[in-house]
Amino acid sequence: MEQTLYLVLLLIALCSVSECVQRQYHFINEEKNWTEAQRYCRENYTDLATADNMTDMNELKKSLPDGSVLLVWIGLQRTSVNKWQWSSGDPALDLNWGSGQPDGTDECGFMRNGQWEDGGCSTSRTFICSSSNNMSTGLVFVNQMTNWRVAQSYCRQNHIDLVSVRNQNESQQIQKFINDSHISNAVWIGLFRDSWQWSDQRNSSFRNWKSGEPNNVGGNENCAAINPTVLGQWNDVPCFIQLSFVCHEDNLILIKENLTWPEALRYCRQNHVDLVSVHSDEMQRRLMNVVKGASTAEVWLGLHNYCIMNMWLWLSGENMYYQNWAPGNGTTPENCRLEKRKGAVQSGGDQRWVSLPETHKLNFICTNYE
């Protein structure tokens, strides 16, 4: 028993915890219009480039040549639908607007007295983040006056995201949190709207526009391009002009087949690298974007219960310093003599981890990380 524990701890100690990007970027030095570039990327990779945050942008910029191009297509295009949505990517279905709201063309939402109002995104307000660090409420109040985009970036870097208010129950929980925290001012929440959509249909709310953009000069600037000479910020430009472009190749792949955990493991190792491991808030947030498309209520992860020691381990060997278990899961001894237990993530709700018998048949997520 002691020797087994020693080997397990040695394995954990030897494995480093490293951040990894969700996708790989490929610069294509051929000039095409936006639609032609989209077709090329879909045929040869996954799609035109998507970016969820500045980590992605920094990786994308590494793929660009130094100073030899002025504009490069990415996979963002203006649509005719200017809809409200949550920063997390969820659609805003259960709208809780205050009287007379929304009252204009403002693009960001805040909460006051339990109801929503629209406001200019450049206005400075305090804000509320959703977080896995506060297990009692899942909320963190940030008493710092800033605009909506900076608030969103802060929440994503330090917690999960700006808070979503998806139903009446969540609205009441957040209002109680505001009252208990004695917050008197209006606060930013993760509500925003715009008409831009990523080519791969990802509900990413990340935007990195150059100051003054998008400005839609001439009324036909409906596609987005990176300006490598201006810190990789974005311009809106006409979709018909000929530019080089960046494709992306996903590193997290949702497989919509219903397999047992051992079958899912075999599939991932034969067709990709492995079942996915999740070792940080950042990776959990990336995972949350992927599992929304699942057809099962839970989705297999590369998480298994080491029965002899009753320890949960990742297939990758990474330590479980970061955990995101649903209540009643992962913290109590498993009766693995009756059935082997494996870890899955909920595809809806709070998208936390659950312990399930390995014989359940679920969708699963493979990774291309080496």
Side-chain angles (χ1 to χ4, degrees), residues 8 11-12 14-26 41-42 44-47 50 52 56 59 200-202 247-307 311-326 329-330 334 336 339-348 351-370:
V8 170
L11 172 64
I12 292 172
L14 290 173
C15 296
S16 62
V17 178
S18 60
E19 290 297 327
C20 42
V21 292
Q22 184 172 344
R23 51 184 71 88
Q24 297 174 345
Y25 294 100
H26 304 272
C41 289
R42 287 179 172 178
N44 294 279
Y45 297 98
T46 300
D47 213 319
T50 295
D52 289 335
D56 285 349
E59 287 298 317
D200 65 358
Q201 304 302 304
R202 184 178 300 275
C247 303
H248 80 254
E249 190 173 15
D250 281 340
N251 281 331
L252 297 181
I253 306 97
L254 172 66
I255 308 298
K256 293 186 181 180
E257 293 186 36
N258 294 347
L259 300 180
T260 66
W261 192 90
E263 290 170 342
L265 175 63
R266 188 178 309 114
Y267 179 100
C268 288
R269 289 183 170 176
Q270 289 177 349
N271 296 281
H272 300 283
V273 174
D274 214 336
L275 275 168
V276 67
S277 296
V278 184
H279 49 79
S280 67
D281 259 339
E282 172 67 14
M283 182 59 85
Q284 172 68 17
R285 191 180 66 77
R286 294 180 183 281
L287 187 78
M288 290 164 72
N289 279 330
V290 176
V291 298
K292 289 172 185 174
S295 60
T296 53
E298 296 88 17
V299 177
W300 286 129
L301 305 174
L303 185 58
H304 63 111
N305 185 261
Y306 187 66
C307 192
M311 294 175 63
W312 285 94
L313 297 172
W314 292 110
L315 288 170
S316 62
E318 288 151 349
N319 206 336
M320 289 196 65
Y321 291 121
Y322 172 78
Q323 300 190 29
N324 193 38
W325 292 105
N329 288 264
E334 302 281 0
C336 54
E339 54 188 2
K340 294 181 179 179
R341 309 290 293 192
K342 299 298 188 285
V345 61
Q346 299 165 331
S347 59
Q351 296 173 308
R352 294 185 180 272
W353 309 342
V354 292
S355 167
L356 295 173
E358 67 172 17
T359 53
H360 282 207
K361 294 198 171 186
L362 308 175
N363 291 181
F364 51 98
I365 296 176
C366 300
T367 176
N368 283 328
Y369 299 131
E370 294 291 347

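All figures in this text were calculated on a predicted structure; none of them were measured in a lab. Positions are given from 1, in the same order as the sequence printed here.
When side chains are defined from C-beta on, Thr260 counts as touching Lys361, because their heavy atoms get closer than 4.5 Å. Within the 4.5 Å cutoff, side-chain heavy atoms of Val276 are placed close to those of Leu301.
Residues meeting the side-chain contact (heavy atoms from CB on, under 4.5 Å) test with Ala297, sequence neighbours left out: none. Residues meeting the side-chain contact (heavy atoms from CB on, under 4.5 Å) test with Thr46, sequence neighbours left out: His248, Glu249, Asp250. Glu358 meets the salt bridge (Lys or Arg N to Asp or Glu O under 4.0 Å) test with Lys342; sequence neighbours excluded. Partners of Cys366 under the side-chain contact (heavy atoms from CB on, under 4.5 Å) rule, at least two apart in sequence or in another chain, are Ile255, Tyr267, Cys268, His272, Phe364. Here Asn324 pairs with Arg352 under the side chain to side chain donor-acceptor pair (under 3.5 Å) rule; sequence neighbours left out. For the ring pair (Phe, Tyr, Trp, His ring centres under 6.0 Å) test, residues two or more places apart in sequence or in another chain that qualify with Trp312 are Trp325. Scored by the ring pair (Phe, Tyr, Trp, His ring centres under 6.0 Å) test, His26 finds Tyr45 as partners (sequence neighbours excluded). Residues forming a side chain to side chain donor-acceptor pair (under 3.5 Å) with Ser295 (at least two apart in sequence, or on another chain): Asn363. Applying the side-chain contact (heavy atoms from CB on, under 4.5 Å) rule to Asn44 yields the partners Tyr40; only residues at least two apart in sequence or on another chain are considered. Taking the salt bridge (Lys or Arg N to Asp or Glu O under 4.0 Å) definition, one finds that Asp281 meets it with nothing, sequence neighbours left out.
Rounded to the nearest 0.5 angstrom, Thr50 OG1 and Tyr25 OH are separated by 7.0 Å. Once rounded to the nearest 0.5 Å, the distance linking NE2 of His304 with NZ of Lys340 reads 11.0 Å. Separation of atoms CZ (Arg341) and OG1 (Thr359) is listed at 9.0 Å; rounding is to 0.5 Å. Interatomic distance, OG1 of Thr367 versus CG of Leu275, reported as 9.5 Å (0.5 Å rounding). Rounding to the nearest 0.5 Å gives a distance of 4.0 Å between CD1 of Ile365 and CG of Leu287.
Considering all non-hydrogen atoms of both residues, Gly343 and Trp300 come closest at O-CE3, 3.5 Å. Summarising the geometry of Ser277 relative to Ser316, their closest heavy-atom pair is OG-OG, 2.8 Å, with the distance given to 0.1 Å. Here the closest heavy-atom approach between residue Trp261 and residue Leu303 is recorded as NE1-O, 3.9 Å. Trp314 and Val278 get closest at one heavy-atom pair: CZ2-O, 2.9 Å. Listed here is the closest heavy atom pair of Ala294 and Leu254: N-CD2, 3.6 Å.
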- Item | Intermediate values then yes/no, side chain to side chain contact (heavy atoms under 4.5 Å, CB included), Leu362 and Leu356 | CA-CA 10 Å; Leu362 308 175; Leu356 295 173; 3.8 Å; yes

- Let me see the working for Met283 and Leu252 under side chain to side chain contact (heavy atoms under 4.5 Å, CB included), right down to the final yes or no. CA-CA 10 Å; Met283 182 59 85; Leu252 297 181; 4.2 Å; yes

- Message: Is there a side chain to side chain contact (heavy atoms under 4.5 Å, CB included) between Asn251 and Arg286? Walk through the geometry before answering.
- Response: CA-CA 11 Å; Asn251 281 331; Arg286 294 180 183 281; over 6 Å; no

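Side-chain N or O atoms of Ser347 include one that pairs as donor or acceptor with a backbone N or O of Thr296 at under 3.5 Å.
Pairs of residues two or more places apart, or lying in two chains, that qualify as salt bridge (Lys or Arg N to Asp or Glu O under 4.0 Å) and include a residue from residues 262-271 are Arg269-Asp274. Contacts classified as salt bridge (Lys or Arg N to Asp or Glu O under 4.0 Å) and involving residues 290-304 (residues at least two apart or in different chains) are given here: Asp90-Lys292.
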